[in-house]
Structures are given as structure tokens and as C-alpha cells.
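Positions are given from 1, in the same order as the sequence printed here.
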Amino acid sequence: MTVVHHDPAARLWMLTTPHSSYVVRLDDHGRLRHLHWGARLTPEQAAALPYVLDVATNFDGELAEEYPGEGGARFGVPALRVVHPDGSRSTEWRPDGHRIEDGLLVLSFRERLGPLELDLCYRVRPDSDAVDRWTELRHTGADGQPVRVGQLAAARWTLPLRADYRLGHVTGGWSAENRLTREPLARAETVLTSRRGITGHQANPWVVLDAGDAGEEHGEVWTSALAWSGSWRITVERTVHGLAAATHAAGHEGPEVVLRPGESWRTPVSTGLYSAHGFGGASRAWHAHVRAHVLPRPDELRPVLYNSWEATGFDVGLAGQLDLARRAAALGVELFVMDDGWFGARKDDTAGLGDWTPAPDRFPDGLAPLAAEVRRLGMRFGLWVEPEMVNPDSDLYRAHPDWVLHESGRPRTELRNQLVLDFGRPEVAAWAHAWLDGLVREHGVDHLKWDMNRVLTEAGRPGDPDADRLWHGHVRAVHALMDRLRADHPGLRIEACSGGGGRTDLAMLARTDQVWTSDNTDALDRIAIQHGYGQIYPPGTMGAWVTDSPNPLTGRRLPLEFRFHVAMTGALGIGGDLTHWSEDELARAAELVARYKRIRPVVQRGRLYRLRDAVQYVHGDEVVLVAWRLAEPHGAPVVPLRLAGLDPQARYVDQDTGEVHHGAVLTARGLSTGLTRDHSSRLLHLRRQD
């Protein structure tokens with residue numbers, strides 16, 4: 001399959017994926033126009049495409065430009081905003097050639113009057129329906145005059161004209177992340193953003209658009225996501241003439257990048273994906289793409305982990321951790337992670353961040369005895385770290401108060417009693433690498449839970465004229481540090497965390513192995529949180545813990561099996577205080593851990609189908625169904641669950657009871673779950689019979 005096609009006569013380029021096409025063309029004025037993003041076309045069909053929209057009146061000007069700047073009769077969201085040395089803001093781009101190689105298309109342009117060059121970059125792969133896009137801007141002047149860049153979008157994604165549109169995205173907050181909402185798209189500009197310097201709990205950098213008629217398994221949907229772990233902005237516009245588009249950019253309004261002669265600025269990657277098979281089809285395509293082309297080690301099964309935080313809080317010591325490790329090992333846990341409180345003067349959240357040596361009063365012989373015992377018990381060893389943060393009450397801050405983000409003469413806002421280290425400073429990044437590298441090397445650390453419990457404020461660096469670059473520089477430095485650690489320590493695995501799911505994005509998943517989805521471990525709340533997470537991100541990357549009942553955050557009491565079943569739909573972890581679990585609970589937990597290990601390849605690698613009050617995974621010949629019953633009025637009927645993704649001609653054998661089911665019956669009539677009590681659940685494991 002030719003994934004990039006160029007038609008010189010038509011001045012047209014077409015990107016082809018297994019199930020879609022993406023087409024752009026230069027018009028008679030040299031402007032790059034968007035023609036098509038949707039069902040797969042032949043080159044002949046692509047050449048026959050009309051322009052999407054062309055309106056020009058005294059009051060309205062509207063073109064489906066692929067990458068609009070400012071100037072002329074343009075009144076929509078600009079992908080590019082610059083201020084030239086003479087103060088003008090208009091841009092007039094002239095085509096300057098193209099390059100095609102190994103699925104990569106680069107379309108180059110030169111500004112007619114200003115010293116700027118622009119590359120629009122596209123990448124497609126023969127095994128994925130995703131289209132990657134990014135942009136690079138270069139200052140080619142020689143007179144020393146800078147250009148101010150207010151916005152350099154990674155991409156603008158234009159939809160086909162439809163009678164109506166619906167916007168899907170997630171909202172939330174700390175401990176309430178990823179709450180999915182779908183709403184009619186307003187004839188306006190709808191801005192989704194984070195101004196916090198992290199991806200954010202309140203929104204996530206992806207959107208899904210449809211014509212208002214799509215369902216879970218039917219209808220056209222267009223999705224796009226930005227791979228960026230800092231501030232971001234997605235503006236979805238719907239004009240009075242019906243055109244809908246989504247513009248993806250790193251950063252937020254306000255900060256500007258000063259681009260000097262000889263400098264260039266490259267955006268993060270924005271990825272778009274079209275599916276003709278509803279929201280579920282789009283999710284499965286995303287999961288396959290992330291596993292194949294984003295995750296660093298996609299073929300590895302995520303281990304069952306135990307984390308000590310909810311058992312101990314800051315009351316961390318060798319004896320208590322050893323006791324928890326032995327109890328965790330007896331359950332079949334494969335990775336033991338000691339959370340916050342093991343270092344410096346860390347007795348609570350007021351002190352110690354930045355002093356990354358084991359607390360001598362709690363670990364007089366360092367971490368070696370704990371690490372050795374964890375490994376003797378057959379588990380891997382992990383630690384919680386928060387490298388980007390410092391407490392003012394720490395030796396590090398007393399020695400280097402200038403290492404934090406701050407503005408001259410302004411207060412240094414403390415959140416959770418901590419400040420943010422300026423990772424854009426080379427000496428700070430070097431310090432962080434030195435202690436992290438030493439920690440991993442000395443103790444053979446297998447897993448780092450990398451946390452960030454605070455957003456960016458006073459993002460300045462006194463005396464630096466390029467201080468606005470901090471918003472980008474910090475993120476890039478964190479990415480570079482993670483990349484370097486993984487290269488130096490191939491066995492190291494990293495879990496992304498930011499007060500729960502505050503730094504979940506494709507750029508972070510390219511450097512980590514899983515995400516701590518939320519600090520909220522209440523299984524009832526987690527159903528909604530995990531539902532939103534799985535719209536784009538694969539279940540195998542979704543950290544999900546079983547903790548105590550009543551839940552320490554919500555106080556809700558839920559059955560142990562229900563808590564396990566909900567957590568078993570992702571990367572299973574345990575975080576409760578095992579010293580207070582009864583013998584019956586511990587025995588049942590061990591059985592459920594063993595069962596998870598049997599179904600883990602299906603959950604972590606399979607195709608996800610979202611059913612009513614259930615999730616289903618299909619991987620090869622195996623099927624896993626996790627169903628639950630929430631609060632229902634008395635007498636409500638128990639409607640059979642109709643499974644999906646099965647071969648109607650095949651038989652499927654229940655791996656626990658031996659009962660045989662026909663694929664056609666399971667999909668047409670459905671399966672009775674037998675759940676009649678609130679907060680009851682059932683796990684079904686089927687295997688296709690030859």
C-alpha cells in the first residue's frame with residue numbers, strides 16, 4: 001500500500017491508512033487547502049474532490065485552509081500568530097517544495113516578505129489509521145531582528161461538512177478525572193485548555209467529533225489528540241457556514257516565544273484518527289496505535305503491584321514495609337512499591353522534598369535490606385519519587401533557593417508546601433539525573449512512580465529574556481530526563497503520576513509504562529473515571545488499585561469482589577492496609593490475583609468493547625467480560641448483555657464452569673449475568689472452541 005501519494009498535475013497530496021484517507025491541495029493562489037479526512041479514496045477519486053468551503057463576502061471570509069495564519073479575510077482561529085520585526089502580523093506563505101520518505105510527508109513554505117520558513121509535517125503507517133502531524137518554524141533572517149511567536153499550532157483538523165456536530169471530551173478535577181461528556185458543538189469557538197504547566201485534571205488534550213448520530217459501534221467519528229505534557233489548548237470552532245475544525249497547540253494564551261535568526265521552533269505531535277465504526281471503533285484503533293507506535297515496551301504485561309501509601313501514609317519505616325511486603329507477596333503481588341516518606345526529613349508534606357537520601361532514623365542501613373527482602377520474596381522493587389519538586393524546608397532549597405521557578409520580587413506561592421524546580425536550567429536537570437541515576441543504580445530499582453503534586457506558578461527566571469520558554473522548556477527537560485534514565489537503565493519502568501491522573505497524555509505514555517489514573521480508588525467512581533480514560537488510552541496502561549472498605553477518600557463500603565473486578569479491567573494493583581484485612585479477605589484476594597494473571601493478556605492486549613454496565617475484551621480466541629450491577633430500583637429487569645466482537649459461527653467455553661455458549665446467541669440474544677444485588681459483579685472468561 002502506498003501511504004503517501006502525490007499528484008503533481010493536481011498539486012495534491014493524499015495520505016492513506018488502512019481505512020481512511022487525508023487529502024490536501026494547493027489552490028491557484030498557492031494556499032494549502034484541506035479537501036478530505038474520512039473514508040478511504042483512490043487517487044482518481046481524490047483528484048475529483050471539490051474544495052470543502054469557499055465563502056467570501058464583505059462580512060464573511062471562510063476557506064478550509066490547512067494551516068491558516070493571520071492576515072487577509074481570515075476571521076477564524078489562526079494556527080500561526082507571529083509579530084514581525086516591523087510590527088506587522090500578516091503572513092503570506094508561498095510553496096517551497098515537498099519531501100516524501102517512509103510514510104513522511106513534509107510540505108515546505110516560505111513567507112513572502114518575512115524571514116520565515118514553515119514545514120507542515122505528516123506521518124502515516126501501513127498498520128495504523130492514525131495520522132501524525134507537527135509543524136516547524138524557522139527564522140532565516142540575518143539582521144538580528146527577532147520574530148515573536150504567539151501561537152504555533154501542531155495541526156488544524158478540519159471535518160467534512162455535516163448538518164450537525166457533537167463534541168466529546170473529558171472534564172473533572174483532582175480525584176474526579178476523565179468524566180466523559182458529549183454535547184452539541186456550539187456555533188462558536190469552544191476552548192479546552194490547561195494553563196497549569198501540566199496536562200491537567202480538569203481536561204485532557206483530545207477531542208472526538210461526530211455528526212450527532214454516532215453510537216458506540218456505528219457512525220463516523222473524528223478524533224484528535226495532542227502529545228504534550230504541559231499547558232495546552234485545543235480550540236474547536238464551528239462557523240456560521242457550518243465548517244468545523246479543531247486546532248491543537250502546546251502552551252496557553254499569553255506567553256510568547258522569541259525566535260531569533262537561525263533559530264527554529266518545533267511543535268509536539270498532534271495525532272488524528274478517523275473511524276467509521278463509532279466511538280468504540282475509534283477507541284480500539286487508538287489502543288492499537290498506542291500499543292504499536294507510542295508505548296516504549298508495549299509487549300510487556302504490566303505486573304500486579306502493591307503500593308504502600310494508603311496503608312502507611314508518611315509513617316514509613318523498615319519494619320512496617322517488610323511486613324507489608326511479605327503480606328503482598330503471599331497474595332501473588334509481583335512488584336512492591338514504597339511510596340512517599342522514605343527520604344530526608346519527610347514526616348509529612350511540609351519538609352524533605354529535594355533531599356533524596358533514605359531517612360537514617362527509619363532506614364539506618366539504607367534501602368538495601370528492604371530491596372533485598374522484596375526480591376527474596378519474588379517481587380520487583382519500586383519507589384515513589386517527585387523529582388520536580390522541593391519543600392522550602394529542605395537542605396536543597398536552603399542551598400539553592402534560586403533553583404525554583406520564581407519572579408523577581410514576587411511571592412513564591414506554595415501549594416502542598418512545595419515549589420517547582422526549574423528543570424529548564426541545565427544545572428537543575430543535571431542534579432536530578434545524578435541522584436535518580438544513583439538511586440536506580442545503587443538499589444537496582446525496577447520501578448519509579450514519578451509524581452508531580454503541584455502545578456506551575458510564577459513561571460519565571462529572573463534576568464532571562466526568554467523566560468516565556470519555561471512553559472515549554474520544563475516539559476522538554478522532564479521528557480529528556482525520562483528518556484535518558486530509560487536508556488541508561490533498560491530494565492527500569494516508570495509510572496506517570498501527577499496527583500493522580502494530572503499528567504496523562506501521549507507524550508508521557510511514550511516515556512512511561514502505565515499511568516496512575518486517579519487518587520480516587522473508590523471502585524464506583526473508578527467506573528466513570530476509567531470509562532473516560534479508555535476512550536483514547538489503552539486499558540493496559542491504566543493503573544487501578546484495590547483499596548480498603550470503607551474507602552479512605554469517599555467512605556463508601558463496597559464488596560471486595562466488586563473492588564477487584566473493577567480494578568481488573570486495567571493494570572491491577574493493591575493499595576489497602578493488608579494488616580487489617582481478615583484471613584478470609586486475604587485468601588479471596590489471592591484467588592482473585594491469580595485469576596487476574598490468567599486473564600491479564602486478554603485485558604492488557606485485547607480489543608475493548610464497552611457494553612451496558614460491562615466491559616469486554618477479545619484477544620485471539622479468548623474473551624473476558626467484567627459486568628457489574630449498580631444501584632437499581634427494586635423490580636428492575638436484568639437485561640441480558642449482548643456481547644460483541646465474537647464469531648457467530650463459533651462456540652465459546654466458560655473456563656471456570658465448562659459451559660458452552662454459541663457466538664451467535666451471545667451476540668443476538670445476550671448473556672444473563674445473574675446479578676440481582678446492588679454493587680455485585682461477575683467476571684466471565686471464555687475461550688473459543690475449535
Side-chain angles (χ1 to χ4, degrees), residues 20 22-24 31-39 49-81 131 133 151 153-171 179-194 202-215 218-226 232-249 252-253 270-276 278-279 282 532 535-536:
S20 68
Y22 190 97
V23 186
V24 294
R31 296 172 301 200
L32 189 65
R33 304 284 291 275
H34 175 86
L35 294 188
H36 176 77
W37 181 27
L49 286 166
Y51 290 126
V52 175
L53 190 66
D54 199 340
V55 175
T57 71
N58 290 340
F59 300 100
D60 294 307
E62 197 170 317
L63 307 173
E65 281 192 89
E66 179 73 346
Y67 197 84
E70 292 187 307
R74 297 183 179 97
F75 307 105
V77 177
L80 175 69
R81 288 190 295 106
V131 178
R133 294 179 58 188
Q151 165 133 308
R156 181 180 193 257
W157 299 96
T158 303
L159 269 64
L161 282 168
R162 296 291 186 264
D164 203 355
Y165 297 100
R166 180 170 51 178
L167 171 65
H169 60 101
V170 291
T171 62
R179 302 307 177 101
L180 179 65
T181 180
R182 302 195 199 280
E183 56 201 359
L185 180 61
R187 293 184 183 272
E189 295 174 7
T190 301
V191 179
L192 308 174
T193 189
S194 167
Q202 294 73 21
N204 200 262
W206 61 262
V207 292
V208 56
L209 289 152
D210 75 295
D213 55 359
H218 71 274
E220 292 185 301
V221 297
W222 294 263
T223 53
S224 51
L226 183 67
W232 57 272
R233 178 173 49 193
I234 296 178
T235 304
V236 186
E237 58 184 314
R238 183 182 182 189
T239 71
V240 294
H241 300 291
L243 186 68
T247 302
H248 291 219
H252 55 276
E253 69 283 355
S270 175
T271 302
L273 193 151
Y274 164 82
S275 173
F279 306 118
Q535 299 294 311
I536 298 289

**Request:** For side-chain contact (heavy atoms from CB on, under 4.5 Å), just list the numbers for L32 and Y67, CA-CA rounded to whole Å, side-chain angles, deciding distance to a tenth of an Å, and then say yes or no.
**Result:** CA-CA 7 Å; L32 189 65; Y67 197 84; 5.9 Å; no
**Prompt:** Are Y22 and H34 near enough that their ring centres are under 6.0 Å apart?
**Reply:**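 Centroid separation for Y22 and H34: below 6.0 Å.
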Compare every heavy atom of [Y] with every heavy atom of [X], then report the nearest pair and how far apart it is.
| X | Y | result |
| --- | --- | --- |
| W37 | L273 | CZ2-N, 3.4 Å |
| P50 | L35 | O-CD2, 3.6 Å |
| I234 | P205 | CD1-C, 3.5 Å |
| T247 | A153 | CG2-CB, 3.7 Å |
| A246 | V207 | CB-CG2, 4.2 Å |
| W157 | V131 | CH2-O, 3.3 Å |

Please identify each residue that fulfils side chain to side chain donor-acceptor pair (under 3.5 Å) with [X], with sequence neighbours left out.
| X | result |
| --- | --- |
| S275 | none |
| S224 | H248 |
| R179 | none |
| T158 | R156 |

**Asked** Please walk me through it: do L209 and V236 pass side-chain contact (heavy atoms from CB on, under 4.5 Å)?
**Response** CA-CA 10 Å; L209 289 152; V236 186; 4.1 Å; yes
From [X] [atom1] over to [Y] [atom2], what is the distance, rounded to the nearest 0.5 angstrom?
| X | Y | atom1 | atom2 | result |
| --- | --- | --- | --- | --- |
| L243 | Y165 | CG | OH | 6.5 Å |
| L159 | E237 | CG | CD | 11.0 Å |
| H36 | S20 | NE2 | OG | 7.5 Å |
| H241 | L161 | NE2 | CG | 11.0 Å |

Identify, with sequence neighbours excluded, every residue that meets salt bridge (Lys or Arg N to Asp or Glu O under 4.0 Å) alongside [X].
| X | answer |
| --- | --- |
| D164 | R238 |
| R166 | D210 |
| E65 | R74 |
| E189 | none |

**Worked check of side-chain contact (heavy atoms from CB on, under 4.5 Å) between T190 and L167** = CA-CA 10 Å; T190 301; L167 171 65; 4.0 Å; yes
**Request:** Using the test side-chain contact (heavy atoms from CB on, under 4.5 Å), find all partners of A211 that sit at least two apart in sequence or belong to another chain.
**Result:**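 With neighbours one apart ignored, the set is R162, D213.
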Donor-acceptor contacts, no H, no angles, side chain residues 180-188, under 3.5 Å, sequence neighbours left out:
{"unit_1": "R182", "atom_1": "NH2", "unit_2": "Q535", "atom_2": "OE1", "d": "3.4"}
{"unit_1": "E183", "atom_1": "OE2", "unit_2": "H169", "atom_2": "NE2", "d": "2.9"}
{"unit_1": "R187", "atom_1": "NH1", "unit_2": "T239", "atom_2": "O", "d": "3.3"}

**Request:** Give a yes or no on whether the backbone of R133 and the side-chain of S270 come within a donor-acceptor separation of less than 3.5 Å.
**Result:**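 No; judged by distance alone, with no hydrogens or angles, the pair does not exist.
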**Request:** Identify, with sequence neighbours excluded, every residue that meets ring-ring contact (aromatic ring centres under 6.0 Å, His included) alongside Y274.
**Result:**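 If we apply the ring-ring contact (aromatic ring centres under 6.0 Å, His included) test to Y274, skipping adjacent residues, the hits are W222.
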**Request:** Report the residues that fulfil ring-ring contact (aromatic ring centres under 6.0 Å, His included) with H252, sequence neighbours left out, ordered by chain and then residue number.
**Result:**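 Only W471 meet the ring-ring contact (aromatic ring centres under 6.0 Å, His included) criterion with H252.
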**Message:** Among R233, R81, E253, which residue satisfies the side chain to side chain donor-acceptor pair (under 3.5 Å) criterion with Q151?
**Reply:**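 Of the listed options, the one satisfying the test is R233.
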